[in-house]
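This report refers to the structure that appears directly beneath it.
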Amino acid sequence: MKQFDIVTIFPGIFSAKGGPASGGDSCCYFDYGIMRQAIKKKLIKINIHDLRKSTTDKHHTVDDRPYGGGPGMILMVEPIVKMLKSIKKKKKTRVIMLAPEGKKFDQRQAERLAKYDQLILLCGRYEGFDARVEKYIDEKVSIGDYVLAGGELAAMVVTEAVARHVPGVVGHEHALDDETFSHDLDYIEYPQYSRPESYKGQKVPKILLSGNHAEIKKWRQSKRKKRK
Ligand code: ADE
């Protein structure tokens, strides 16, 4: 089983604990579709860790003002290091900080990260982390060249893209290595149609109704386009 440990100050954004996938009834992203199935089948495990639980003061402080002045707040080093120590490590673990300045995430990165038994995903907020946190992480990952309010959406994106590489998570009909569903992202897939056969003058190509699978395959191949 592959394990994802997500560290956040907003655990309510996720609901791996308490949602239908784990027997409860509060819903969130991972409680739907293939992620829900993957959790139910115990192919993956997603633990959500509330950073505030690793604080030592009575106010559960996780952030403070930056030394030297400047806007915003910084996530403090101590709760993060305490949290990292408390998360039980598997054999092959990678500690990842989600940050816009990190290495750009793509399908290749998802495949690479899928080789670990456990990913610990640190979600930033505010103006980021105290720089001393860097000593405790393996890498920084960005999901794109834009700045989000925090790392939570990025952690969800990374978790799902990596989970799809865990054997059994993606069902037969979408098999990753199915030649009709090639993951060569340099190509745009052929167009697909479902009922009705005719919609406001737009008809489903006749070939797809022919039952001739060899010809259908040829047609689909001819419709794949190189991405710009
Ligand atoms: N946190 C804020 N923006 C982010 C991004 N683009 N990728 C990863 N983490 C982030």
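Just so you know, ligand 1 is whichever comes first in the structure, and atom 1 is the first atom listed for that ligand. Throughout, residue positions are numbered sequentially from 1 according to the sequence presented. Small disclaimer: the values here were computed from a predicted structure and weren't measured.
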If you measure every N or O of [X] against every N or O of ligand 1, does any of those distances drop under 3.5 Å?
X      : value
Ile143 : yes
Val147 : no
Gly144 : yes
Ala99  : yes

Is it true that, when you exclude [X] itself, more than 12 heavy atoms of the residues, nucleotides or ligands shown sit nearer than 6.0 Å to its [atom1]?
X      : atom1 : value
Lys225 : NZ    : no
Tyr193 : OH    : yes
Glu111 : CD    : yes

- Message: Do the side chains of Glu189 and Lys223 get close enough for a salt bridge, i.e. N-O under 4.0 angstrom?
- Response: no

- Query: Which residue supplies the protein heavy atom nearest to atom 6 (N) of ligand 1, what is that atom called, and how far is it?
  - Reply: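 Heavy-atom neighbour on the protein nearest atom 6 (N) of ligand 1: Tyr146 O, 2.8 Å.
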
- Closest to atom 3 (N) of ligand 1 among protein heavy atoms sits Leu148 N, 3.0 Å

- Query: What do the steps show when you test Lys103 against Glu139 for salt bridge (charged side-chain N to carboxylate O under 4.0 Å, His left out), and what is the final call?
  - Reply: CA-CA 8 Å; Lys103 186 175 167 65; Glu139 61 182 290; over 6 Å; no

- Should the pair Arg224 and Tyr190 be classed as cation-pi, given the thresholds of under 6.0 Å to the six-membered ring centre and 45° from the axis?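 The answer is no; the distance or angle limit is not met.
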
- Task: Please step through salt bridge (charged side-chain N to carboxylate O under 4.0 Å, His left out) for the pair Lys104 and Asp145, ending with a clear verdict.
- Result: CA-CA 8 Å; Lys104 194 97 68 70; Asp145 292 335; 3.5 Å; yes

- For ligand 1, which atoms sit closer than 4.0 Å to a heavy atom of Gly150? 1 (N), 2 (C)

- Item | Sub-4.0 Å atoms of ligand 1 with respect to non-hydrogen atoms of Val141 | 8 (C)

- Say whether Leu153 and ligand 1 are in contact under the criterion: heavy-atom distance to a ligand atom below 4.0 Å.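 Flag not set, Leu153 not near ligand 1.
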
- Item | ligand 1 contacted by Gly124 (non-hydrogen, < 4.0 Å) |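 No.
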
- Verify same cluster id: Ile46, Val166 (apolar side-chain graph, 4.5 Å): yes

- Query: Is it the side chain (CB and beyond), the backbone, both or neither of Ala154 that lies under 4.0 Å from ligand 1, heavy atoms counted?
  - Reply: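 Just the side chain.
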
- Task: For ligand 1, note which part of Asp145 has a heavy atom under 4.0 Å away: side chain, backbone, both or neither.
- Result: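 Within the 4.0 Å criterion, Asp145 makes no contact with ligand 1.
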
